[in-house]
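The block underneath contains the structure these notes are about, expressed in structure tokens.
Below, all heavy atoms of this structure are taken into account, side chains as well, without hydrogens, waters or symmetry copies.
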2 protein chains.
Amino acid sequence: MGVKIKDVARVAGVSVTSVSRVLNKGEHVSEKLEKKVRQAIEQLNYSPSLIAKSLKRNKTNLIGVIIPDITSNFQATILSNIEETLGRRGYNLLVSNIVEDTDKVVKYLNVFQEMRVDGIVLMHEKLNDHIRLFLEKNQIPLVVHAELGLNLPTVMIDDFKAAYDATAYLIRKGHRRIAMIAGDMRDLCAGRKRYEGYLAACKDYGITVDESIIRFGDYKLASGYRLMNELLAEAGGSFTSVFAASDDMAVGAINCMADHQLRVPDDISVIGFDGNQMSDVIRPRLTTIQQPMDKIGQATVELLMELIEQNDHAQRSHPARTIVLEHELVEKASCRDIHERGGFLKS
Amino acid sequence: MGVKIKDVARVAGVSVTSVSRVLNKGEHVSEKLEKKVRQAIEQLNYSPSLIAKSLKRNKTNLIGVIIPDITSNFQATILSNIEETLGRRGYNLLVSNIVEDTDKVVKYLNVFQEMRVDGIVLMHEKLNDHIRLFLEKNQIPLVVHAELGLNLPTVMIDDFKAAYDATAYLIRKGHRRIAMIAGDMRDLCAGRKRYEGYLAACKDYGITVDESIIRFGDYKLASGYRLMNELLAEAGGSFTSVFAASDDMAVGAINCMADHQLRVPDDISVIGFDGNQMSDVIRPRLTTIQQPMDKIGQATVELLMELIEQNDHAQRSHPARTIVLEHELVEKASCRDIHERGGFLKS
DNA sequence: CTGAAAGCGCTTACAG
DNA sequence: CTGAAAGCGCTTACAG
């Protein structure tokens, strides 16, 4: 680098003020002046510094995103939607992949703060005291993808209801012994709420919850495989269906069953959660709770823009808005109605 | 916000110079002074502005990454590795998802330039005149993930040889009618080179290339499905195996075959390319060319750091270094040796 | 060991 | 319509 606005001004024979005006197309400048400036810019291959501009304007047009696992197709799809929506509004994306490390979240929140990002998207669902403290102390526009109980602006689906729907769906298909491969209980929505939805549906339909057919994983494929392996070893034959808290775990479970010569849905029915790419790749296709990833991305950006707007006008007393989007139970081919056969259970 | 270094200095009763010294731990300051400063920082919840620092230091610690499709597991995995390696060195990641749009590449290269990123990673493989022009004019440290013929620093595998190996593997298993689901010929490596590797292997082994069993896709699952559908409709029964230029296309092809009641590898053998997550999820497991994604990420960062170092010392006359990493043909269960049965072909 | 002051590259009242 | 000058929040020679 090295060519700056001053150089352009010199070459064009005008003031830096005028060059700045041409660049920012705000106030009117004469055609002649504009032409001279454009020529000088071209000639010098001048690229204005957004760093200097940001410092002066107190606005970076940067959005920081904290994402637990970018290799998750579900999360990457949402990120991609956020990026696209943001790009159309002239914002750039600072991305921090967190790899399940809660301490890193605080570290990156601080970096974002130091980078003076205009807003933050927090896709992480685990909380610790440091995170809580940061969020209390710093009033930077922020949208979360889970109900953290901190009265923050949120975009999400109703995880409780979605899990309830999934479980009730199996029950209505005649299943009464439904295993669950749940998530991480430290995750407030994807973990806890989905688990609670499962419990509530069982309760409402008069099914006694049996903890021996419930396992807790990390949403990834490998853990679905491993936990299904455990379930088959320790409780095999005692359940007719499985509800997994993520599609990846559902797919892992299906693969595990295949390796045990069990057929889905003939021997065991499976329902997943997310509606990611894999759910359509696996055979049989996975019946699952579809999350509206495009809408999640868009709503996140819209909400963030609102907050940034408010922030610019120093009116930050609004109560935190929560956007709850609709999920959809998409029937594919991994669940069977077992009314007619009575199940292969004793009971 | 609003608290700046001056405020800290005032509260601590020292100069801004001293606050800056405490912050940057460069020169020695007395314990007493440091303590006062730290207290003031704590009390005011001060967060230094990296924007101001960047402007002054002429260094942003920002790396821009242009990625064609972040929802591709292969690319996301590499990005994740880059992010992690970079994070440990104190760099942050500016990400631009390009969605196959060559024009957007130039747009984002310019944004990166304006953001004064210290370096750029370009995972895109298509070139146009605007991109070429940008790369010529601007000497910002940059690492590409493909041989673009522009003498740029590069990290990649030998796509030609890898594709050659994949094809030769099938040939040695007795296949002589090998369909190919290739990539985009505008992509210099993943597209062209893999195609050329296939052609070369066929030639070396005395196999006449038949263009009627070659198709060109976009690496994504859906195109693999669609093109396999075409192949079956137009040339079904005339080939015993398929080489796909990406695992995603290979999986799409396998699913298509499944929907046609064709079994892999009994009826048709399939070999993929990448070694992504899906290749281990699909049944049968996919025999594929494994790319070393972790090493690609690490080598990319190392090379970039070298370039940035050189750039800082204004010695940019080094010839562009190219790092070629080893691929590996990983045998799983999707290819069959057909010597013993002679194939179900006439020939 | 500590501080006053210049300057990084812009924007934006203010004046003309 | 145009320009001179102050200032955004830091760092860094330079002097003491």
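Of the listed nucleotides (D/dC10, C/dC10, C/dC1), D/dC10 has the atom at the smallest distance from the side chain of B/Lys56. Considering only the side chain of A/Arg21, D/dG3 comes nearest among D/dC10, C/dG3, D/dG3. Listed nucleotides: C/dG9, D/dA13, C/dT11. Nearest to the side chain of A/Lys53: C/dT11. Taking the side chain of B/Lys4 as heavy atoms from C-beta on, and the options D/dG9, D/dA5, D/dT2, the nearest nucleotide is D/dG9.
Going from atom CG of A/Leu55 over to atom C1' of D/dC10 covers 8 Å, rounded to whole Å. Rounded to whole Å, atom P of C/dC10 lies 3 Å from atom OH of A/Tyr46. Taking atom NZ on B/Lys59 and atom C1' on D/dG9, their separation rounds to 19 Å, with Å as the unit. Rounded to an integer number of Å, the gap from CG of A/Leu23 to C1' of C/dT11 is 11 Å. What separates CD1 of B/Ile5 from P of D/dG7 is a distance of 18 Å, to the nearest Å. In this structure, the CZ atom of A/Arg10 is 13 Å from the P atom of C/dC10, given to the nearest Å. Whole-Å rounding puts the B/Arg116 CZ to D/dC10 P distance at 21 Å. Whole-Å rounding puts the B/Lys32 NZ to C/dT2 P distance at 9 Å.
Within the 4.5 Å cutoff, no side-chain heavy atoms of B/Glu114 are placed close to those of A/Ile51. Considering only heavy atoms from C-beta on, A/Asp118 stays 4.5 Å or farther from A/Leu62 through its side chain.
Side-chain contact annotation: A/Lys53 with A/Asn24, donor-acceptor N/O pair under 3.5 Å present.
Phosphate proximity of D/dT12 to B/Arg57: present, with a side-chain N or O under 4.0 Å from OP1 or OP2. Side-chain N/O atoms of B/Ser30 include one lying less than 4.0 angstrom from OP1 or OP2 on C/dT2. At the phosphate of C/dT11, OP1 or OP2 sits under 4.0 Å from a side-chain N or O atom of A/Ser20. Between A/Ser15 and the phosphate of D/dG3, there is a side-chain N or O to OP1/OP2 separation shorter than 4.0 Å.
In terms of position along DNA chain D, the nucleotide closest to B/Ile51 lies nearer the 5' end than the nucleotide closest to the other residue of the pair B/Thr17 and B/Ile51.
Partner assigned to D/dC14 is C/dG3, using Watson-Crick or G-U wobble distances below 3.5 angstrom.
Residue A/Leu50 is out of contact with every strand shown, counting any heavy-atom pair closer than 4.0 Å.
Listed here is the closest heavy atom pair of A/Ser80 and B/Thr71: CB-CG2, 4.1 Å.
Remark: A/Lys59 NZ is packed, more than 12 non-hydrogen atoms of other residues, nucleotides or ligands lying under 6.0 Å away.
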